[in-house]
Amino acid sequence: MKIIASVITFLFVIDVFALTQQAFIKKVLSQDTHFEKDKIYVAIKQIELETSKSSYADWDSELSASLSNSYYDINKDTTSTSIYEKQRYKNSQSIELSTEKKFLSNPSVLTLSLKRSTPDADITRYKQDVLYTGSNAQYSLTTFDNTYTVNYKYPLLKHDSNATSLKSYRRNILDLDREKLDFDDAQEAFLVDRLEQFIDWYFYQKNAEIYQQYQQSLEAIKGKTNKDKAKISTAILRANQDILTNNSKLQALKKSLVTALNDTSLWSEKPKVSINKQPKIMPDLAQYLRRNVRTLLKVDIDKCLKKIDLDYYKNQSLFKLDFNIGAEKNHNKGNTMTTHYDNESVLYTTSLDFSAPIGVDVNNQKDIAVAKLTRQKLDIDYNNKLKDILADAQALLVELDLGLKTLNQYEGLLLSVKNNTNSALENYLNQSITIQALIEAYREKRDIKLDYIEAFTGYQNSLLEYNDALDRVLY
């Protein structure tokens, strides 16, 4: 690229106030309005992920309370002399706090609960349909009952109904990653379109300078005869027409960029394209594509999403076998008609619960078959896309290598036409050649400069296309 640098220096004076490509990229990416919709999509997926995580894995607590009253009264016509309960007024209060925890790493469920109940009863006893006159004709029962429980369930085979929520959470993780890739794609596509315009801007700007130099060279010629002066004037008019035609394209392009980027400062700036950029050669291009190209990464995500579905369907086809372990502590105290009590007890339980459907779930079998076929299709898509991108990238590398060789050949050619124009001017002043031959020499010099700029911008476009194929424009 040193040869190209010398050619550029030979052609033009470097403008220190020019707009570099990197500065232009910053201008483009600062246009948030172009990516607002894509940002919203990412934000939506982020909310969905956080919500699914919270709804599944956060502690799910519930507070419940109960208050009840009952009155019991019986009219008993009997010859029995036994004492019986005639009236019972019962007042019950209870409050319970329970909480459940599910885990992101496995389908188990942990449940904790605390319950306190205080049932009270006022009892009146009768004998032979009249109020009993002995002891405890009327008495009260007071009970305090506290229960603490902990249970843990682990599905060993088929997961329970929570499996759907866990599947949704795992899918949402990948959905967010995919949406971020879509956002990067939108940014890079917009940036590539603007960079193509930037290169075109550079092309027309350099053409304008070349046409201007050509016109100034013609104006500097001192015609020896009126006929020579007429030919010079005609050539100048044609040069001016070329300037106007090129300028109309240049101004239209700048107007488009000013509108797209909402930046009027572009009117007064000139583009500057780096002369030292070369394609980055990857030691293992296929491996690089697998790890970095968003088109392939998105297919990878689609494959992972389908694997999540397939694993879920396969799991739902299994038998149900749940391992349960739990403990319950109860503290109960109160009184009977004649005694008081205060008891504490602990109960430990463990169990295996098994169930199996009779018959086959045909819908689930269909889902498994479809998911497997879809994964096969995605594998084929992935391999085809990889081959296509790899072939395009390799073709572009060949194109860039040839383009670089072409650019390097221009150094000698430009030096040759410079010497030719100097010699032609001397020969014209010595009356060795005609004015038409001198004008042709200047025109040839102009055309070779234009050809070089066309080749240089073509090389830049190929380099942009190569980086775009490798998703390297944005970073």
Side-chain angles (χ1 to χ4, degrees), residues 35-60 101-109 155 157-191 286-318 363-390 468-475:
F35 312 115
E36 284 181 355
K37 184 176 70 173
D38 303 285
K39 285 185 176 180
I40 289 173
Y41 289 149
V42 173
I44 289 172
K45 291 300 180 183
Q46 183 69 51
I47 291 172
E48 289 176 350
L49 173 60
E50 292 173 356
T51 301
S52 64
K53 180 181 180 180
S54 296
S55 66
Y56 183 81
D58 285 357
W59 287 96
D60 184 12
K101 171 70 175 177
K102 296 185 284 290
F103 302 89
L104 298 174
S105 58
N106 60 72
S108 63
V109 181
L157 295 176
K158 180 180 179 179
H159 301 169
D160 59 17
S161 59
N162 295 322
T164 303
S165 298
L166 183 57
K167 182 187 76 167
S168 296
Y169 166 71
R170 290 171 176 170
R171 287 182 61 90
N172 285 339
I173 294 175
L174 297 175
D175 285 340
L176 176 60
D177 291 339
R178 201 183 197 287
E179 200 62 57
K180 288 179 179 179
L181 292 176
D182 287 340
F183 176 64
D184 288 343
D185 271 345
Q187 280 192 307
E188 184 152 301
F190 182 75
L191 180 57
Q287 185 67 16
Y288 177 87
L289 297 178
R290 291 188 187 96
R291 293 179 177 177
N292 295 277
V293 172
R294 287 185 291 274
T295 298
L296 298 176
L297 293 177
K298 285 191 280 189
V299 178
D300 272 335
I301 289 176
D302 291 340
K303 289 164 62 177
C304 290
L305 286 169
K306 193 51 61 178
K307 184 178 185 302
I308 290 173
D309 291 340
L310 181 59
D311 290 344
Y312 169 77
Y313 297 139
K314 286 182 176 180
N315 176 265
Q316 292 303 294
S317 68
L318 300 175
N363 287 324
N364 190 67
Q365 293 300 310
K366 180 264 295 181
D367 291 336
I368 291 174
V370 171
K372 286 181 177 179
L373 290 173
T374 304
R375 274 182 58 83
Q376 291 178 17
K377 176 183 175 297
L378 289 170
D379 286 336
I380 295 171
D381 288 344
Y382 182 91
N383 291 330
N384 289 339
K385 290 179 185 295
L386 175 60
K387 290 177 183 177
D388 290 343
I389 297 172
L390 182 60
D468 186 29
L470 271 60
D471 284 343
R472 296 185 64 246
V473 177
L474 192 60
Y475 303 109

Sidechain N-carboxylate O distance under 4.0 Å for K45, E48: yes

Minimal non-hydrogen separation, P107 against H159, with atom names: CG-NE2, 3.4 Å

Closest non-hydrogen atom pair between R290 and D300, with its separation: O-OD2, 4.4 Å

Non-neighbouring partners of R472 that pass side chain to side chain contact (heavy atoms under 4.5 Å, CB included), sequence neighbours left out: K280, M282, Y288, N467, L470

D302/T374 under side-chain contact (heavy atoms from CB on, under 4.5 Å): CA gap, chis, key distance, verdict: CA-CA 10 Å; D302 291 340; T374 304; over 6 Å; no

Taking every non-hydrogen atom, the tightest pair across L386 and A286: CD1-O, 4.2 Å

Within 6.0 angstrom of K101 NZ, more than 12 heavy atoms from elsewhere: yes

Derivation and outcome, side-chain contact (heavy atoms from CB on, under 4.5 Å), residues R294 and K180: CA-CA 10 Å; R294 287 185 291 274; K180 288 179 179 179; over 6 Å; no

Pairing of D175 and R178 as salt bridge, 4.0 angstrom limit: no

Set of side-chain hydrogen bond (donor to acceptor under 3.5 Å, both in side chains) partners for R375, sequence neighbours left out: none

Separation of L296 CG from N383 CG (nearest 0.5 Å): 9.5 Å

Qualifying residues under salt bridge (Lys or Arg N to Asp or Glu O under 4.0 Å), relative to R170, sequence neighbours excluded: none

From L297 atom CG to N292 atom CG, the distance as rounded to the nearest 0.5 Å: 7.0 Å

Euclidean distance, D367 CG relative to Y312 OH, rounded to 0.5 Å: 9.0 Å

Closest contact, heavy atoms only, Y56 versus N162: CE1-O, 3.4 Å

Counterpart residues, ring pair (Phe, Tyr, Trp, His ring centres under 6.0 Å), relative to F190 (two or more places apart): H34, F35

Reported CG-to-NZ distance for the pair L166 and K53, which is rounded to 0.5 angstrom: 12.5 Å

Distance in Å, C304 SG paired with L378 CG, rounded so as to fall on 0.5 Å steps: 10.0 Å

With V293, the side-chain contact (heavy atoms from CB on, under 4.5 Å) member among L390, V299, D471: D471

Residue list, salt bridge (Lys or Arg N to Asp or Glu O under 4.0 Å) with K377, at least two apart or on another chain: D381

Reported CD-to-CG distance for the pair Q187 and L474, which is rounded to 0.5 angstrom: 5.5 Å

Any donor-acceptor N or O pair under 3.5 Å, side chains Y169, S55: no

Under the side-chain hydrogen bond (donor to acceptor under 3.5 Å, both in side chains) test, residues paired with N172 that sit two or more places apart: S52

For T295, all residues meeting side-chain hydrogen bond (donor to acceptor under 3.5 Å, both in side chains), sequence neighbours excluded: none

Qualifying residues under side chain to side chain contact (heavy atoms under 4.5 Å, CB included), relative to S317, sequence neighbours excluded: N364, Q365, I368

Student check: side-chain heavy atoms of D182 and Y41 closer than 4.5 Å: no

Contacts of D184 that satisfy salt bridge (Lys or Arg N to Asp or Glu O under 4.0 Å) - sequence neighbours left out: none

Greater than 12 external heavy atoms within 6.0 Å of K385's NZ: no

Note: D58-K102 ion pair, threshold 4.0 Å (strictly below): no

Partners passing side-chain hydrogen bond (donor to acceptor under 3.5 Å, both in side chains) against Y382 (at least two apart in sequence or in another chain): none

By side chain to side chain contact (heavy atoms under 4.5 Å, CB included) - contacts of L373 (at least two apart): Q376

Results of salt bridge (Lys or Arg N to Asp or Glu O under 4.0 Å) for K307 - residues two or more places apart only: D311

